[in-house]
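Here's the structure, in structure tokens; my notes come after.
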Amino acid sequence: MTVTEDQWAELHRLAVSAMERAYCPYSKFPVGAAALVDDGRMITGCNVENAAYGVALCAECGLISELVNTGGGKLVAFACVNSQSEPTAPCGRCRQLLFEHAAPELVLAMPAGRMTIDEVLPGGFGPADLDAKQEGK
Ligand code: THU
């Protein structure tokens, strides 16, 4: 699925809008995320922190929750932004979340430019790896 420049621009706009709704009184580091799903819909998320700091939800957590709760599907394009509306890198845990729901050629708008999911999480652990569970001990 080819992602048009108009779709990338819309993802950026949606990510900025989500970032402006972030709840981050502790880090004061708002993050907004947006993604294009393979059925054409767009989904978003923002980070939601907590007085118990370790409980904080990254923007990608909300985005993946929205993905599943609005019908599932595979992610085709992804963007997340910081308070300056600039691309920011997903943390390691969020790369794993995205990997689980990625279309084979998911492209992410990273600070260094657009990268595929295999470039941001090479050799990632996924559902197929669980197929080996009967072979191990
Ligand atoms: N954060 C995200 O929302 N996504 C990431 O991938 C990296 C970090 C949030 C978590 C926390 O609320 C704030 O950024 C600072 O770490």
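Read the numbers this way: they start at 1 and go in the same order the structure lists the ligands and their atoms.
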Is R114 paired with E5 through a side-chain N to carboxylate O contact shorter than 4.0 Å? yes
Counting only heavy atoms not in R41, do more than 12 sit closer than 6.0 Å to its CZ atom? yes
Do Y26 and F29 share a hydrophobic cluster, counting only Ile, Leu, Val, Met, Phe, Trp and Tyr and linking them when any side-chain heavy atoms are less than 4.5 Å apart? no
Which hydrophobic side chains are connected to I117, either touching it within the sub-4.5 Å cutoff or through other members that do? V37, I43, L63, I64, L67, L75, F78, L97, L98, F99, L106, L108, M110, M115, V120, L121
Got a sec, which hydrophobics cluster with V55, joining ILVMFWY side chains under 4.5 Å apart, including via others? none
Find out if a path of hydrophobic residues (ILVMFWY) with successive side-chain heavy-atom gaps under 4.5 Å connects W8 to V16. no
Which residue and atom name correspond to the protein heavy atom nearest atom 9 (C) of ligand 1, and how close is it? N47 ND2, 3.5 Å
Return the closest protein heavy atom for atom 4 (N) of ligand 1 as residue, atom name and distance. E60 OE1, 2.9 Å
C91, any N or O under 3.5 Å of ligand 1 N or O: yes
Determine, counting only non-hydrogen atoms of the protein, whether one lies under 4.0 angstrom from atom 16 (O) of ligand 1. no
Under 4.0 Å from any heavy atom of P90, which atoms of ligand 1 are there? 6 (O)
For atom 10 (C) of ligand 1, what's the nearest protein heavy atom and its distance? C58 SG, 3.9 Å
Mark up the atoms of ligand 1 that fall under 4.0 Å of a heavy atom belonging to A59, in ascending order. 2 (C), 3 (O)
Does an N or O from C24, backbone or side chain, lie closer than 3.5 Å to an N or O of ligand 1? no
E49: numbered ligand 1 atoms lying under 4.0 Å from its heavy atoms: 11 (C), 12 (O), 13 (C)
Has E100 got more than 12 heavy atoms of other residues, nucleotides or ligands less than 6.0 Å from its CD? yes
